[in-house]
Amino acid sequence: MNIIANINAAIVNPLIIGLFALAVMYFLWGLFKFIQGEDNAEAQLEGKQHMVWGVVGVFLMMAVRGILALIETITKGLPH
């Protein structure tokens with residue numbers, strides 16, 4: 001197993017999973033704020049903003065995961 005795979009398995013994957021969970025929780029918090037403030041336009045706007053940033057966070061974590069998988073795949077084919 002190469003060094004990139006070791007770093008990926010020991011450090012990066014748990015970090016990505018944790019940040020992914022935070023982004024989902026941030027989205028859910030925004031959804032809660034949006035539903036709770038159904039009669040308050042300012043609270044709904046705040047909830048929408050939280051939901052948008054939660055989706056952005058989830059997208060970024062998925063993109064990072066994909067890029068790292070691509071790098072790992074490419075480095076497997078390189079001579080040692």
Side-chain angles (χ1 to χ4, degrees):
M1 201 174 231
N2 62 19
I3 188 77
I4 293 176
N6 289 338
I7 291 172
N8 196 15
I11 298 170
V12 178
N13 282 341
L15 184 63
I16 290 174
I17 291 169
L19 291 174
F20 184 83
L22 283 174
V24 169
M25 288 183 351
Y26 197 70
F27 173 82
L28 292 175
W29 176 252
L31 182 63
F32 174 75
K33 296 281 277 186
F34 182 79
I35 292 171
Q36 184 183 24
E38 68 182 55
D39 58 343
N40 185 351
E42 193 173 310
Q44 282 191 332
L45 179 62
E46 183 183 353
K48 284 180 187 178
Q49 289 175 341
H50 287 308
M51 288 188 293
V52 167
W53 284 112
V55 169
V56 169
V58 167
F59 174 77
L60 287 175
M61 292 304 108
M62 290 173 64
V64 167
R65 182 80 172 111
I67 290 168
L68 289 174
L70 178 67
I71 291 171
E72 188 175 343
T73 302
I74 290 172
T75 57
K76 283 182 182 178
L78 295 176
H80 297 295

Visitor: Given side chains that start at C-beta, do those of Met51 and Val55 come closer than 4.5 Å, heavy atoms only?
Guide: no

Visitor: For residues Phe34 and Lys48, report the shortest heavy-atom separation together with the two atoms involved.
Guide: CE1-CE, 3.5 Å

Visitor: Of the non-hydrogen atoms in Gly37 and Ala43, which two are nearest, and what is the gap between them?
Guide: CA-CB, 3.9 Å

Visitor: With clusters defined by side-chain heavy atoms of hydrophobic residues (ILVMFWY) lying less than 4.5 Å apart, directly or transitively, does Leu45 cluster with Trp53?
Guide: no

Visitor: Under a 4.5 Å side-chain heavy-atom rule over Ile, Leu, Val, Met, Phe, Trp and Tyr, are Ile17 and Leu60 clustered together?
Guide: no

Visitor: Could you pull out the closest heavy-atom pair between Ala23 and Gly57, with the gap in Å?
Guide: CB-C, 3.8 Å

Visitor: Tell me the closest heavy-atom pair linking His50 and Tyr26, and the distance in Å.
Guide: ND1-OH, 2.6 Å

Visitor: Show your working on ring pair (Phe, Tyr, Trp, His ring centres under 6.0 Å) between Phe32 and Trp29 and close with a plain yes or no.
Guide: CA-CA 5 Å; Phe32 174 75; Trp29 176 252; 5.5 Å; yes

Visitor: Which residue, Ile71, Leu70, Val64, forms the side chain to side chain contact (heavy atoms under 4.5 Å, CB included) with Ile67?
Guide: Ile71

Visitor: Hey, could you give me the CG/OG1 distance between Leu68 and Thr73, rounded to the nearest 0.5 Å?
Guide: 10.5 Å

Visitor: So, for Asn13 and Arg65, which heavy atoms are closest and what is the spacing to 0.1 Å?
Guide: OD1-NH1, 3.1 Å

Visitor: For the atom pair CD (Glu46) and CD (Gln36), what is the distance rounded to the nearest 0.5 Å?
Guide: 10.0 Å

Visitor: Would you name the heavy atoms of Leu19 and Met61 that are closest together and state the gap between them?
Guide: CB-SD, 3.4 Å

